[in-house]
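Please read the structure below before turning to the comments.
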Amino acid sequence: MRKNIVAGNWKCNTNLQDGIELAKAVNKLVVETGDKKATVVLCPPFIHLTKVVELVDSKSVSVGAQNCGAEAKGAFTGEVSAEMVKSTGAGYVILGHSERREYYGETSEILNKKLALALANGLAPIYCCGEALETREAEKQNEWVKKQLDETVFNLTAEEFKKIVIAYEPIWAIGTGKTATTAQAQEMLAYIRQLIAAKFGNEIAEGTSILYGGSCNAKNAEELFSQPDIDGGLIGGASLKAGDFIQIINAF
Ligand code: 13P
């Protein structure tokens, strides 16, 4: 049985003190009121990782980074390697977020290096894909997403791919308040699962957690998560409020 996952991507928000408070608040709510139907992952900024790992109850809350470097180590000023992320106790890393692709020029080639290093260091990548509005309007979203997967995670071995979580995040739905309709999200996630089945077989496709992200909130999570192929969410804005985030976590 594949896991339900609700991951909070804090993006570039919260200073260390505010991040600690937010992680404590989410941890308390998950421990006291969480219904345990989903794996909860907090993805704070890098500098918060060690503290957040220390303060959460590791049986209830997992921790991930939002990115990692494309090189293992060395003279790469400002970079944070996959090994460093792993050494904090984090278990996940978001890779290929559309904001990284768009603002920091992350290509499939770069992402392949990051994926390899994340996997070599025992991190579970949450690999993001998703199309821009023009692509959706041209009804080319399936081709777009297939290409993003073909160029990256579909080149992994089956054993490696089993560690991957996929997050479909249509760019037009991120931070816009314009969620994909439940039907649009279900349709795309079912399509992605079908692509995984064609590449790696049914068993792996059925075992892969595929998340939806993009203006998912306390109000729409239940309907989204009720769909057969939607195994949870990658949550931006609504993960910054513990009260909203716990409602999403308990929306299965
Ligand atoms: P929002 O939930 O703020 O739309 O962000 C989604 C996202 O990009 C998560 O990675």
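No hydrogens, no waters, no symmetry mates; every other heavy atom, side chains included, goes into these values. Numbering of ligands and ligand atoms starts at 1, following listing order.
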Give, for atom NZ of K73 and atom CD of E83, the distance between the pair rounded to the nearest 0.5 Å.
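So the gap between those two atoms works out to 7.0 Å.
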Side-chain polar contacts of residues 205-215 - donor-acceptor pairs under 3.5 angstrom, sequence neighbours left out - could you list them?
{"from": "E206", "atom 1": "OE1", "to": "R2", "atom 2": "NH1", "distance (Å)": "3.1"}
{"from": "T208", "atom 1": "OG1", "to": "I204", "atom 2": "O", "distance (Å)": "2.7"}
{"from": "S209", "atom 1": "OG", "to": "K3", "atom 2": "N", "distance (Å)": "3.4"}
{"from": "S209", "atom 1": "OG", "to": "K3", "atom 2": "O", "distance (Å)": "2.7"}
{"from": "Y212", "atom 1": "OH", "to": "A180", "atom 2": "N", "distance (Å)": "3.0"}
{"from": "Y212", "atom 1": "OH", "to": "G214", "atom 2": "O", "distance (Å)": "2.7"}
{"from": "S215", "atom 1": "OG", "to": "A173", "atom 2": "O", "distance (Å)": "2.7"}
{"from": "S215", "atom 1": "OG", "to": "G177", "atom 2": "N", "distance (Å)": "2.8"}

For a distance cut-off of 3.5 Å, show me each N or O of ligand 1 paired with any protein N or O, plus the separation.
{"from": "ligand 1", "atom 1": "2 (O)", "to": "G236", "atom 2": "N", "distance (Å)": "2.9"}
{"from": "ligand 1", "atom 1": "3 (O)", "to": "G237", "atom 2": "N", "distance (Å)": "2.8"}
{"from": "ligand 1", "atom 1": "4 (O)", "to": "G175", "atom 2": "N", "distance (Å)": "2.6"}
{"from": "ligand 1", "atom 1": "4 (O)", "to": "S215", "atom 2": "N", "distance (Å)": "2.7"}
{"from": "ligand 1", "atom 1": "5 (O)", "to": "K11", "atom 2": "NZ", "distance (Å)": "3.3"}
{"from": "ligand 1", "atom 1": "8 (O)", "to": "K11", "atom 2": "NZ", "distance (Å)": "2.8"}
{"from": "ligand 1", "atom 1": "8 (O)", "to": "H97", "atom 2": "NE2", "distance (Å)": "2.8"}
{"from": "ligand 1", "atom 1": "8 (O)", "to": "E169", "atom 2": "OE1", "distance (Å)": "3.4"}
{"from": "ligand 1", "atom 1": "10 (O)", "to": "N9", "atom 2": "ND2", "distance (Å)": "3.0"}
{"from": "ligand 1", "atom 1": "10 (O)", "to": "H97", "atom 2": "NE2", "distance (Å)": "2.9"}
{"from": "ligand 1", "atom 1": "10 (O)", "to": "E169", "atom 2": "OE1", "distance (Å)": "3.1"}
{"from": "ligand 1", "atom 1": "10 (O)", "to": "E169", "atom 2": "OE2", "distance (Å)": "2.9"}

Listing request: all side-chain hydrogen bond (donor to acceptor under 3.5 Å, both in side chains) pairs with a residue in residues 29-41, at least two apart in sequence or in separate chains.
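Output for this query lists K28-E32.
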Parallel, tilted or perpendicular: which describes the rings of H48 and W10, with under 30° parallel and over 60° perpendicular?
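Perpendicular: the ring planes of H48 and W10 meet at over 60°.
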Take atom CD in Q186; do more than 12 heavy atoms of anything else shown fall under 6.0 Å from it?
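Counting other residues, nucleotides and ligands, CD of Q186 exceeds 12 neighbours.
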I'd like a table of donor-acceptor pairs (distance under 3.5 Å, sequence neighbours excluded) in which one partner is a side-chain atom from residues 53-65, with atom names and distances.
{"from": "D57", "atom 1": "OD1", "to": "K59", "atom 2": "N", "distance (Å)": "3.2"}
{"from": "D57", "atom 1": "OD2", "to": "S60", "atom 2": "OG", "distance (Å)": "2.8"}

